[in-house]
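Okay, structure first, notes after.
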Amino acid sequence: MSAWEVRSECTPRCAAHAAPRVPFTETARRCAAFAHAAGRALRDGERMAEPARLRAHARAVLASIGVRLVVEAARDGVGLAVPYGAGAAVPYGANATSAAQARPGTLVVANHISWLDIPALLAVEPVTLLAKREVGDWPLVGTLARRAGTRFIDRAGPRQLPATIADLADLLRSGRSVAAFPQATTWCSVAHGAFRRATFQAALDAGAPVRPVTIAYEQLGMPSTVAGFLGDEEFLSSVRRVVGARGLTARVTVHPPLLPHPGAHDRRTLAALARAAVSRTVREPARHAPGACRVGAAPAPGQALGTYL
């Protein structure tokens, strides 16, 4: 197993509706709207990567399948680390500031539950995404990812890790903000999955702030696992479940930034601080039998390693 590969304990059985499904006619309408939104993004070609267009396309994808986006600032995080800019308010990504040329970009790190995490993040801030190499080969999704400016990494080749970290640090030094999922695979809820440390070395090398972000899903105000894209599930299977979900909300919680100080922080410390921020004050879905995940449970036979972003 390479430094990038992680075995998740979650399987497709962990994903379940927390509210009655929408009628078939609404599901069909959403499928058509989703195809239309994806088609519009594809027709934009290389212009899709322009920040305003990327944000608009991400929001259109969420709206097409009835997913409500809620963005909020965390009220916790005091004392986790020294705030970037000596306490000044810092946007989600440093690209959004007028001083972007003078400052490095921000490393945005989030927990990973679903393919919906990607449009949810991009709808807030059109940062550069970091994804595994195989995503670029997926039908439709791969094309959209490439045109959105996604940077791809090879998690199966540990020898490439130093070069990957160096490239990521260069991106941050240039003022570009980058979003990564340090869990390296998907989990059914925020509580599961440690943050891998390698990505945080790029922030240390570039002197870049780290912005923890929590992504959680609800249905009609209740925590839900319905959006999960888990184990060896096919993409279309997850899409069908999501478009049939009633009252689905993607809640993006933005935490205070962490500023790494050479000698005071290392990548292990940054990963632990970011993970603590992401998992703080989050309501978890009720455990549902028989498919509920159990921390420490043996992985399902044949479950893929590092399957998703």
Side-chain angles (χ1 to χ4, degrees), residues 1 4-22 24 27-28 30-31 34-35 37-38 61-62 64-67 110-121 129-145 150 152 155-156 181-194 215-219 223-246 248-250 284-309:
M1 180 182 296
W4 289 97
E5 292 178 316
V6 175
R7 188 185 294 274
S8 173
E9 297 155 0
C10 299
T11 73
R13 297 179 68 194
C14 297
H17 290 266
R21 294 172 174 83
V22 299
F24 174 77
T27 299
R30 289 180 178 182
C31 286
F34 179 67
V61 165
L62 294 176
S64 71
I65 51 180
V67 177
N111 62 295
H112 205 11
I113 294 175
S114 172
W115 56 273
L116 275 177
D117 301 346
I118 298 169
L121 283 176
L129 286 169
L130 192 65
K132 69 169 189 172
R133 175 180 51 81
E134 290 82 355
V135 171
D137 298 328
W138 291 357
L140 181 60
V141 176
T143 303
L144 289 170
T150 301
F152 297 103
R155 288 193 176 125
F181 299 103
Q183 290 171 316
T185 189
T186 49
W187 301 79
C188 70
S189 69
V190 177
H192 297 317
I215 303 174
Y217 295 93
E218 303 170 356
Q219 284 185 273
S224 175
T225 59
V226 72
F229 183 27
L230 308 164
D232 56 1
E233 183 176 25
E234 296 291 333
F235 177 69
L236 289 180
S237 172
S238 177
V239 171
R240 284 194 294 268
R241 185 171 59 252
V242 168
V243 298
R246 184 186 299 272
L248 183 58
T249 295
E284 290 296 327
R287 290 297 178 224
H288 47 281
C293 297
R294 302 185 305 278
V295 176
Q303 184 151 13
L305 301 177
T307 308
Y308 306 113
L309 299 182

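- Residues satisfying the side-chain hydrogen bond (donor to acceptor under 3.5 Å, both in side chains) criterion with Arg240, sequence neighbours excluded, are absent altogether.
- Residues Gln219 and Ala16 come closest through the heavy atom pair OE1-O, 4.2 Å.
- Remark: the backbone N or O of Gly244 is not paired with any side-chain donor or acceptor of Arg21 at under 3.5 angstrom.
- The distance from the CD1 atom of Ile113 to the SG atom of Cys14 is 11.5 Å, given to the nearest 0.5 Å.
- Under a 3.5 Å cut-off, the side chain of Thr225 and the backbone N or O of Cys188 do not form any donor-acceptor pair.
- Taking the side chain to side chain contact (heavy atoms under 4.5 Å, CB included) definition, one finds that Ala227 meets it with Ser114, Leu116, Tyr217, sequence neighbours left out.
- Residues that satisfy the salt bridge (charged side-chain N to carboxylate O under 4.0 Å, His left out) test with Arg241, not counting sequence neighbours, are Glu233.
- The minimum heavy-atom distance linking Ala145 with Phe152 is given by the pair CB-CZ, 4.1 Å.
- Taking NE2 of His112 as the reference point, atom OG1 of Thr186 lies at 6.0 Å (rounded to 0.5 Å).
- Of the inter-residue distances, the one linking Leu62 atom CG with Thr249 atom OG1 reads 10.5 Å to the nearest 0.5 angstrom.
- Of all non-hydrogen atoms in Ala110 and Ile215, the two that sit nearest each other are CB-CD1, 4.0 Å.
- Scanning all heavy atoms of the two residues, the minimum distance from Cys31 to Val243 falls at SG-CG2, 3.8 Å.
- With sequence neighbours excluded, no residue forms a side-chain hydrogen bond (donor to acceptor under 3.5 Å, both in side chains) with Thr150.
- Remark: the backbone N or O of Phe229 is not paired with any side-chain donor or acceptor of Ser238 at under 3.5 angstrom.
- The CG atom of Asn111 sits 8.5 Å away from the CZ atom of Phe181 when rounded to the nearest 0.5 Å.
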Worked verdict on Val239 versus Trp115 for side chain to side chain contact (heavy atoms under 4.5 Å, CB included): CA-CA 9 Å; Val239 171; Trp115 56 273; 3.7 Å; yes

